[in-house]
Amino acid sequence: MRYLFTKKVKIVLIVALLLTAGLAVVSNLLGTTVGDLVVQSVLTPLRAGASALTEQAENIYDYIFKYEQLAAENAALREELSQIQEDNRDAASIKRENDRLRQLLELTKENPDYELVDSYIISWDSTDWSYSFTINRGAGAGIEAGMCAITESGAVVGVVSQVGSNYAVVTSVLDSSLDISATIASSGYPGIVRGAYATGQTGMLRMDYLSSAAVLRRNDQVVTAGSTVYPRNLILGNIVDWDVTDNGMAKYAILKPAADLDALEQVFILTNFDAE
């Protein structure tokens with residue numbers, strides 16, 4: 001019997017007795033049974049865990065709900081912004097058109113014989129040598145090949161070269177094949193204007209056959225000399241440079257076109273005018 005209980009067993013029994021006594025004392029002090037204490041000690045962590053899980057689930061639900069709400073608000077704001085941008089574009093387009101029409105009114109007051117058809121550019125077809133574009137008016141609007149296209153301020157844009165029932169193709173002043181009789185407005189020196197690509201000045205005009213005695217100045221305005229296609233004094237461009245031809249017999253000038261072809265939206269076809 002002396003060896004019935006080992007040292008380790010004795011220690012375990014003593015600890016158990018102490019715990020039991022401690023629980024009994026606490027039970028008496030708190031008015032709670034030992035079983036209740038055991039149950040509470042087991043359930044308390046479980047309750048805490050369940051509470052944490054519930055709180056986390058609520059947080060996840062709130063996040064999902066708020067995310068959906070924010071996504072809906074974001075979509076509505078994007079749609080509203082898109083509508084505002086579209087309205088602004090429309091307003092800007094209308095303003096540009098009104099500005100053009102005001103200038104056109106001044107042009108027609110100065111030239112009451114002009115009969116014009118308004119049109120919009122719908123496509124461009126340009127290569128190194130040729131420059132043309134298509135407009136949304138054609139034979140149905142009274143447009144014919146050989147008619148002049150101008151801007152609202154009277155700058156030459158080109159000549160109608162092809163006509164369909166509801167469209168027309170305009171060969172622009174930058175086209176190397178288009179020759180226009182012209183004069184320098186301030187001095188009256190005559191010459192021929194065409195696209196300057198062939199001489200290395202892309203996007204510019206060149207005025208050839210100027211007298212070797214012609215006095216040229218930068219920013220001098222060059223206008224049409226008048227013909228059955230172009231009325232007198234339509235604006236072609238302004239002189240930016242000049243030189244003498246290789247044979248020294250004549251001068252030529254380089255012009256910046258009066259019409260900003262890169263920004264063109266609307267052009268006006270001159271269907272009739274009083275040729276002088």
Side-chain angles (χ1 to χ4, degrees), residues 100 102-116 129 131 145-161 170-264 267-276:
R100 287 193 295 267
R102 289 192 188 96
Q103 291 188 59
L104 185 67
L105 182 61
E106 293 300 318
L107 179 67
T108 54
K109 283 181 179 179
E110 296 173 3
N111 303 275
D113 57 308
Y114 285 6
E115 295 180 17
L116 298 161
W129 290 87
Y131 294 81
M147 290 180 172
C148 176
I150 63 175
T151 67
E152 64 280 358
S153 59
V156 178
V157 175
V159 175
V160 176
S161 54
V170 176
T171 299
S172 88
V173 289
L174 294 179
D175 195 288
S176 303
S177 66
L178 201 63
D179 292 341
I180 305 172
S181 297
T183 60
I184 297 174
S186 61
S187 61
Y189 289 114
I192 299 295
V193 171
R194 61 170 63 91
Y197 174 81
T199 55
Q201 285 93 10
T202 303
M204 306 295 280
L205 302 174
R206 174 167 165 149
M207 186 175 187
D208 285 305
Y209 308 115
L210 287 164
S211 167
S212 59
V215 177
L216 306 178
R217 293 184 295 270
R218 283 183 173 81
N219 294 322
D220 270 352
Q221 193 175 76
V222 177
V223 298
T224 54
S227 68
T228 56
V229 176
Y230 308 95
R232 288 175 58 86
N233 296 324
L234 293 177
I235 309 167
L236 287 163
N238 295 83
I239 295 175
V240 296
D241 200 3
W242 62 87
D243 207 342
V244 179
T245 57
D246 291 340
N247 59 19
M249 300 296 292
K251 288 182 178 179
Y252 68 88
I254 301 301
L255 317 178
K256 180 181 179 180
D260 185 359
L261 299 180
D262 290 334
L264 277 182
V267 297
F268 303 89
I269 307 302
L270 192 55
T271 59
N272 195 21
F273 63 91
D274 292 339
E276 298 178 2

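Each of F273, Y230, F268 was checked for a side-chain contact (heavy atoms from CB on, under 4.5 Å) with C148, and the lone residue meeting it is Y230. Applying the side-chain contact (heavy atoms from CB on, under 4.5 Å) test between V193 and each of L178, T183, L205 identifies L205 as the sole match.
Under the 4.5 Å side-chain criterion, counting only non-hydrogen atoms from C-beta, I180 is in contact with L236. Counting only heavy atoms from C-beta outward, the side chains of S181 and I192 approach each other to under 4.5 Å.
Side-chain atoms of R194 do not come within 3.5 Å of backbone N or O of D179 as any donor-acceptor pair. Under a 3.5 Å cut-off, the side chain of T108 and the backbone N or O of N111 do not form any donor-acceptor pair. Using a distance-only test at 3.5 Å, with no hydrogens or angles considered, no donor-acceptor pair links the side chain of D220 to the main chain of L216. In this structure a side-chain-to-backbone donor-acceptor pair under 3.5 Å is missing from S172 to G158.
A salt bridge is absent between D243 and K251; no separation between the charged side-chain nitrogens and carboxylate oxygens falls under 4.0 Å.
Scanning all heavy atoms of the two residues, the minimum distance from Y131 to T202 falls at OH-CG2, 3.5 Å. Shown here for M204 and P257, the closest heavy-atom pair between the two residues is CA-CD, 4.2 Å. When all heavy atoms are compared, the tightest approach of A182 to V222 is CB-CG1, 3.7 Å. Between V244 and Y252 the shortest heavy-atom distance is O-CE2, 3.8 Å.
Both the sub-6.0 Å distance and the 45° axial angle are satisfied by R218 relative to the ring of W242.
Environment of OH in Y209: sparse, with no more than 12 heavy atoms of neighbouring residues, nucleotides or ligands closer than 6.0 Å.
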